[in-house]
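Note that ligands are numbered from 1 as they come in the structure, with each ligand's atoms numbered from 1 the same way. None of the values given here were measured: they were computed from a predicted structure.
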Amino acid sequence: MATIISGKEVSAKVKEEVRAECDRLRQQGVTPGLAVIIVGDDPASRVYVNNKKKACAEVGFVSEEYALPAETPQEELLALVNTLNRRQDIHGILCQLPLPKHLDETAVIHAIDPKKDVDAFHPSNVGKIMIGDYDFLPCTPAGVMELIHAAGIEVSGKSCVVIGRSNIVGKPMAMLLLHENGTVTICHSKTRNLKEICLGADILVAAVGRPKFVKGDMVKEGAVVLDVGINRDENGKLCGDVDYAEVEPKASYITPVPGGVGPMTIAMLMKNTLSAAKMAAGLL
Ligand code: NAD
């Protein structure tokens with residue numbers, strides 16, 4: 001039976017630390033401020049944005065929401081980003097993705113001041129992560145690392161397999177494991193022998209976006225399994241990329257969905273916004 005790594009508990013701890021630090025910062029006259037831009041009415045994006053605003057209130061940040069209509073022109077969105085870039089009371093800016101089809105996501109990511117890029121999607125921040133000398137870590141992979149640390153799992157020398165190579169999760173995830181001296185393999189939709197590669201993993205991270213994709217026969221006895229996926233199963237119930245019922249008996253540690261990586265992403269966003277505010281105040 002696996003030990004469950006609770007993202008609910010670890011994220012509460014992270015947010016508590018951020019809240020305490022925010023109190024200290026406020027005594028020095030700085031209140032961290034996060035601006036969240038949402039374009040259109042994607043229901044999943046709306047839930048994420050609401051959760052981010054709620055977390056800001058919990059830790060004592062100011063948050064501002066910019067809800068723009070789906071048909072907002074590119075120039076208008078970029079003008080908003082530029083205004084927020086110049087605001088001294090706004091330390092973090094994030095634009096909830098995906099954007100409506102007519103908008104250029106890359107241009108928007110590039111427009112955000114890298115010092116306010118609390119999602120760490122700007123190429124300058126991505127490059128810094130590659131080098132290992134960074135201001136911000138991308139929230140979801142950083143959240144996975146926090147769970148690994150909280151469980152006391154040593155990465156150094158371990159065989160780590162990441163399924164998925166997106167810019168947001170898979171690639172930076174692999175980099176963070178590499179920084180901790182894991183021997184990392186990245187698998188993707190064109191990978192041959194996926195099952196064999198996964199069976200060699202001491203630490204397996206699933207970021208595929210397919211419900212219950214990782215089956216019991218793909219996991220080594222005693223492996224640590226971290227499930228990034230947020231999907232709906234055939235009954236419309238929330239589930240991960242890992243077939244929990246099959247994998248849990250084989251794993252030594254596992255993250256559940258919900259209550260695993262999901263809450264960590266927002267907690268790490270709070271941590272990044274705090275860092276941005278401290279950097280702006282010359283305190284970091
Ligand atoms: P994505 O669609 O951008 O990338 C999916 C990756 O999976 C791709 O690199 C693709 O090559 C790979 N893949 C697809 N089919 C495969 C197959 N048959 N075999 C091997 N690899 C395959 O998705 P993403 O943005 O990286 O997100 C992945 C999952 O994580 C989704 O379920 C998403 O909802 C979830 N997610 C969760 C959080 C969180 O906070 N927990 C944050 C971001 C994403």
Item to complete: For K250 and V219, indicate whether the former's side chain and the latter's backbone hold a donor-acceptor pair under 3.5 Å.
Response: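 Yes; at least one donor-acceptor contact below 3.5 Å.
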
Residue [X] vicinity, atoms of ligand 1 by number, heavy atom under 4.0 Å:
{"X": "V169", "answer": "26 (O), 43 (C), 44 (C)"}
{"X": "I163", "answer": "20 (C), 21 (N)"}
{"X": "A207", "answer": "5 (C), 6 (C), 7 (O), 28 (C)"}
{"X": "G209", "answer": "28 (C), 29 (C), 31 (C), 32 (O)"}
{"X": "F213", "answer": "17 (C), 18 (N), 19 (N)"}

Min side-chain heavy-atom separation [X]-[Y] under 4.5 Å:
{"X": "L194", "Y": "F213", "result": "yes"}
{"X": "K158", "Y": "T183", "result": "no"}
{"X": "L176", "Y": "V155", "result": "no"}

Taking [atom] as the point of reference, which of [options] owns the nearest heavy atom?
{"atom": "atom 8 (C) of ligand 1", "options": "R165, K171, R210, R232", "result": "R165"}
{"atom": "atom 12 (C) of ligand 1", "options": "G262, G164, P211", "result": "G164"}
{"atom": "atom 13 (N) of ligand 1", "options": "V214, V208, I186", "result": "V208"}
{"atom": "atom 33 (C) of ligand 1", "options": "D227, V162, I230", "result": "I230"}
{"atom": "atom 21 (N) of ligand 1", "options": "K190, H188, M268", "result": "H188"}

Discussion item. When you measure from the heavy atoms of T140 to every atom of ligand 1, does any distance fall below 4.0 Å?
Written reply: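 Under 4.0 Å: yes for T140.
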
Worksheet item: Does ligand 1 have any atom that is closer than 4.0 Å to a heavy atom of M264?
Response: no

Item to complete: Identify the residue among Q27, Q28, E21 that makes a side chain to side chain donor-acceptor pair (under 3.5 Å) with R24.
Response: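 So the option named by the test is E21.
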
First locate atom [atom1] of [X], then atom [atom2] of [Y], and finally report the distance between them rounded to the nearest 0.5 Å.
{"X": "K115", "Y": "D117", "atom1": "NZ", "atom2": "CG", "result": "11.0 Å"}
{"X": "I112", "Y": "D119", "atom1": "CD1", "atom2": "CG", "result": "7.5 Å"}
{"X": "M264", "Y": "L226", "atom1": "CE", "atom2": "CG", "result": "11.0 Å"}
{"X": "Y134", "Y": "H179", "atom1": "OH", "atom2": "NE2", "result": "6.0 Å"}
{"X": "S6", "Y": "K13", "atom1": "OG", "atom2": "NZ", "result": "9.5 Å"}

Worksheet item: Any N or O of L194 that comes nearer than 3.5 Å to an N or O of ligand 1?
Response: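 No.
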
For [atom], closest protein heavy-atom neighbour:
{"atom": "atom 26 (O) of ligand 1", "result": "S166 OG, 2.6 Å"}
{"atom": "atom 10 (C) of ligand 1", "result": "S189 N, 4.0 Å"}
{"atom": "atom 41 (N) of ligand 1", "result": "V228 O, 3.3 Å"}

Discussion item. Side chain, backbone, both or neither: which applies to T265 and ligand 1 if a contact is any heavy-atom pair less than 4.0 Å apart?
Written reply: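 For T265, the contact with ligand 1 is made by the side chain alone.
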
Worksheet item: Between N231 and ligand 1, which residue portion shows a heavy-atom distance shorter than 4.0 Å: side chain, backbone, both, or neither?
Response: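 Under 4.0 Å from ligand 1, N231 contributes side-chain atoms alone.
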
Fill in: Connected hydrophobic set around I131, excluding itself, where side chains approach under 4.5 Å
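Members besides I131: none; it forms no cluster.
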
